[in-house]
Structures are given as C-alpha cells and as structure tokens.
Amino acid sequence: MDVDAGPLDVGVVPFDRGARVAVAALAGGKAADARIHAAADVAADERLRPGARIVWQDAKSAAPVLLDAGVPIDRVRDVRLVHRILVEARSLPLEERWARSLRTDAEALFSLAPEAEPLDALAEQLRLQDAAIGDDAGLAMLAGAESMGALVAVELGREGLPFDPARHDALLEDALGERPTATGRPRRMEALAAEVRSALGDASLNPDSPQEVLRALRRAGVDVASTARWELREQDHPAIEPLIAYKRMARLHTANGWAWAHRWARVDDRGRCRLAIEYVPGGVVTGRWATEGSGAMQIARQIRGAVAAEPGMRLVVADAAQLEPRALAALARDEALAEAGRGADLYQALVDRGVVDTRTHAKLGMLGALYGGTTGESAVVLPRLARAYPRAMAAVEGAARAGERRERVRTWLGRASPEPPRWRDDERGGRQARAWGRFTRNFVVQGTAAEWALAWMAGVRRAIRDVDGAALVCFLHDEVIVQAPAERAAEVAEAVQEAAALAGRTLFGAFPIEFPVQTAVVGDWGQAK
DNA sequence: AGAGCATGCGCC
DNA sequence: AAAAGGCGCATGCTCT
C-alpha cells in the first residue's frame, strides 16, 4: 500500500441486490481500475482504507454492503444528498445529466450492469460537485456533514433503539388502564368515554369523531367552534374534563400504544428487542432529519421509560441546551448573546443580566425571535431582547424581510431555502409574504442548528468508535442516545460533550460560542431529566 | 374501496 | 379558530 498517496476518492456501486460490489478510484471525472468483489470480500480492496473518501450514490443502498464487510468508513460523499443541496444552492447549472441522475434511484442502480459505466457516472458527478463547491468552505463542510449524517442514519437504522415491551406494556396500563382483550378501548379510556357520553346525553357518541363530539357539545350548550384542547379548556361543562383526558389517552394509545409497538419492535438475531427506525437525512427542508413510518422522532415522553438499556449496558442520554439560540448567536456573530450563553442556562443568563425579569420571559422572547411571534407575552419581551442583542435580532429580522421579498436565504454553511410560492400583491398576499418571512427567519436558525447537530453526531460516532460495545442508538434534532457498557458510560458521556465543543469549533471557528450538553447515564430513557 | 384532505396532537 | 417555525401519524370524513 502506498501510504504517501494523497487522499483517494473511491467509488462504490452495489449491484445484484448487494451481492456484488464494484469499486474504483475516481479522479478527474473518470473511474480507474474498476474491480468487482463479492460483497463479503470487499474489505480486501486496499483502496477502501481509512482516510479514503468513499463515494456512493446514496448511503441507504451502498453502505450496508461495506458495513457488513467491516470496512471502516470515516470520510464519505453521498452524491444524491449533496446533489440536492447544490442544486438548491444554485451553484450549479441545471444540466440535463443532473436531472437524470436525480431519477437514478437505488432500484435502478441495482439493475445496472457492473461495467464501468455507473462508476464513470459517479466519477463525473463527483467532479461536477467538487467543481461546484469550489473554494466555498461552508458548502464543502456541509457536503461532508450531510454525507456522514446519511451514513450515521443507516447505522442507526441497523442498530435500532433498545426497547423493552414489558416496560412499555406496564407504562401503557398505568396510563390507559387494562389492555382490552379483543377490540375495544383500554379500561380507563372506556370509562372516560362513558363519562363524556353521559355528560353530553348521547349514549352512542363516538369520542374519536370530532364532528360528532362538536355536534354533541353544541347540543349541550357548549359554545365551541372546534374540539381542539385549547378551546375546550376555556369552557365550563362537566363533559370537558373527561373529554380532554380521553383525548390525551387516545393520542397515546394510537401513536405509541400496543399496536405501534407490535408494528415497529423487532427481535434481532442476538435476541435483543429493538425499535426499527428508518431515519431520512435531509427529510426536512431546513436540513433536519425525518423518519419514515415509525414516528420515532415523536415518541411520547410518557413511554420513554420503555427505551431501556440492555443487561450490562447503560444509556448515555445527551441533549444540547438551547441549541437554536446558540446557533443564532454564532451565525449572527453576536458576541453579547454568545457571552450570555457561556454556561449551561442561556435563559437564566438573560435574567441575571437584567435583560428580562423571568426565565419564562427569556424563553418566550427567544421563541418570538426565532419564530416571528408578534402577539402576546413574546411580543412584549421581544424589544428588550432586541436592545440587548441587536446583531442577533438583525440576523433573524433580515432573514424574515428577505423571505418577504421572495429572496432565498442560507444557513451558516450555505443550505438555501426553497423557492417561495407565488402570492398576489393584495392583503392575502401580504399575509402569505409575512408567513414566508417567518419561515425564512426560522430556516436560517433551524438549519444552522441542524448543521451543528450533524457535526456533533459525526464527532460522537468517531469518539465511540474505539469503545467496544458502544453504539449510537437514537438521534432527535438536539439529542443523542448512546448505549454503552456500564463501565464505560461515564467516559462516553464525556466524549459526547467534547464532540459538542468540537462541532462548535468546526462550524464557527474561533467565535466564542459554547454548546453545553447535558448528559445523563441511565438505565432507561424515562430517567433522563 | 381507495385517494386525499382535515383535524388534532405528539415531538423538536 | 390560534397566537409562532419544522415535522409525522392516526383517525374521521368526503369525494371519486
């Protein structure tokens, strides 16, 4: 092996449904020395050594083959995801070949012959992307972070989230009452349904039907226009309390109840019960991830205790405190806000510095700044924040005004907001313009926070690589969970915090912004915070 | 019967 | 009918 060779781009194309893999060096838009391997032998290709940049059409179809073969991967380019970013960033002419490659999905790749052609195509795409990125350090970093994120997503999906069905069952019975034997509602839900029916004098009422409930409420003299909780709360009628309680239970029952667990929990080949979670990197326009199917990014707090460490293991639950305000301070280069963030609680710092009078007001004001609040308490506190942190406020205000003018805005690393929809030049159009402005205002902050989270996760992945038995098992925007052997959990917790600091420096250089991470080493997720 | 929308609510 | 950004999902309900 020539250890003096420079960084090598290595293209990987699986075919025959992953039974075989084509590997080639990519340079100058060409694939060189293509070799075909049986999937199990691919690790023997010495070009796939640490330090090489592995290039694939998309992680979902290509990564499993390499992961199964035990190929260490530490740099990667996901051509599909980076393509999307670059097209949106308008750094690239929309050439026909790009449009074509967008349509090349995983299935199409599988059906391609193992000839050089797909590898050449990959090489050409890589060349075009690198040319488009040029010397834009932000886009280069974003391309790397997005690609590594896609790999982490595949790894998370393969790992699954440790899940204890017995605990889940107990938590549900506690919240909803005894589970029904056949069809029908859990006991406490059924009791509440009966209470609602009796209070509204409608023995056949289906409490799951908003229309029926609305009609019944109005018949009973309750003046509401919907059955939304916020509206019900303002009413005084004996049906209201059980109805709200019922709806809360119904939500848990349908979203994270027994059927949900049955659908998404699986027992892997080592006898461990895990929730199968398919993450979709870049699934949200801002760059946040989404999930496909399981709703795993919305798991109700009430049942998080069912996510439990396996024997001999602990969960390291880590969440980044006030990530978005910190992302805002950094992208706006607001030294004063960054200074307030020096410490674990940015909101409390605003109180201590006399900017606002209570922590709740600090939070409300910040939410208003990030989302564009114009009413209520948030609007009252906002001017105080604007006076104390003019740079941060100018950044979000600027993004909002740009959006209203139909301009596209960018995150810190350069992800562009989507093309705005059309709106008329009338009052309704004005409302739409302001709504779009609220979106672009939030886009720059949410998107930048998502970029930080990608960098954080890449760092966590690297940091736990040498901790035998440790694995990332969950990601939730500003929170990660690592399962680790009990005796090494404390060490992992520290590494996760260091990775956060490193992510901050990677994105924002010497700008003095801190990203404190709260960690808890616990037996189950319900014990964290 | 299935597609697609509306409602409502959980998460960040 | 929500005020204020981003989602996903279950259910009811209407339209085809």
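By convention in this document, chain letters (A, B, ...) are assigned in the order of the sequence lines, proteins followed by strands, and residues within each chain are numbered from 1.
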Phosphate oxygens OP1/OP2 of [N]: is one of them under 4.0 Å from a side-chain N or O of [X]?
{"X": "A:R229", "N": "B:dG10", "value": "yes"}
{"X": "A:R301", "N": "B:dC9", "value": "no"}
{"X": "A:K247", "N": "B:dC9", "value": "yes"}
{"X": "A:R251", "N": "B:dG10", "value": "no"}

In terms of side-chain geometry, is the basic nitrogen of [X] or [Y] positioned less than 4.0 Å from the acidic oxygen of its partner?
{"X": "A:R441", "Y": "A:E397", "value": "yes"}
{"X": "A:R401", "Y": "A:E404", "value": "yes"}
{"X": "A:R431", "Y": "A:E427", "value": "yes"}
{"X": "A:E278", "Y": "A:K60", "value": "yes"}
{"X": "A:D202", "Y": "A:R219", "value": "yes"}

What contact category does [X] fall into here, base, sugar-phosphate, or nothing, at under 4.0 angstrom with non-hydrogen atoms?
{"X": "A:A290", "result": "sugar-phosphate"}
{"X": "A:I299", "result": "sugar-phosphate"}
{"X": "A:R434", "result": "nothing"}
{"X": "A:R441", "result": "nothing"}
{"X": "A:L370", "result": "nothing"}
{"X": "A:S378", "result": "base"}
{"X": "A:G376", "result": "nothing"}
{"X": "A:R438", "result": "sugar-phosphate"}
{"X": "A:G293", "result": "sugar-phosphate"}

Between [atom2] on [N] and [atom1] on [X], what's the gap in Å once rounded to a whole number?
{"X": "A:Q298", "N": "B:dC9", "atom1": "CD", "atom2": "C1'", "result": "10 Å"}
{"X": "A:F475", "N": "B:dC11", "atom1": "CZ", "atom2": "P", "result": "17 Å"}
{"X": "A:H253", "N": "C:dC9", "atom1": "NE2", "atom2": "P", "result": "18 Å"}
{"X": "A:R288", "N": "C:dG6", "atom1": "CZ", "atom2": "P", "result": "10 Å"}
{"X": "A:M249", "N": "C:dA10", "atom1": "CE", "atom2": "C1'", "result": "18 Å"}
{"X": "A:R415", "N": "C:dG5", "atom1": "CZ", "atom2": "P", "result": "20 Å"}
{"X": "A:Y246", "N": "C:dT11", "atom1": "OH", "atom2": "P", "result": "10 Å"}
{"X": "A:E292", "N": "C:dC7", "atom1": "CD", "atom2": "P", "result": "15 Å"}

| Residue met sooner reading DNA chain C from 5', once A:W230 and A:Y371 are mapped to nucleotides | A:W230
| field | C:dA1 versus B:dT7 - spacing of their C1' atoms, nearest Å | value | 12 Å
| message | Distance check, P atoms only: C:dA4 and C:dG8, in whole angstrom units. | response | 23 Å
| said: So, using side chain to side chain contact (heavy atoms under 4.5 Å, CB included) as the criterion, who are the partners of A:D345 when residues are at least two apart? | reply: A:Q322, A:Y347, A:Q348, A:R359
| query | Is the ring centre of A:F508 less than 6.0 Å from the ring centre of A:W412? | reply | yes
| request: Return the set of residues passing salt bridge (charged side-chain N to carboxylate O under 4.0 Å, His left out) with A:R326 (not counting sequence neighbours), or none when no residue passes. | output: none
| Among A:E451, A:E146, A:E324, salt bridge (charged side-chain N to carboxylate O under 4.0 Å, His left out) partner for A:R288 | A:E324
| message | Checking contacts here: which listed nucleotide (C:dA4, C:dG5, C:dA1) is nearest the side-chain heavy atoms of A:T374? | response | C:dA4
| Got a sec? Which of residues 205-228 of chain A come in under 4.0 Å of DNA chain B, heavy atoms? | A:S226, A:T227, A:A228
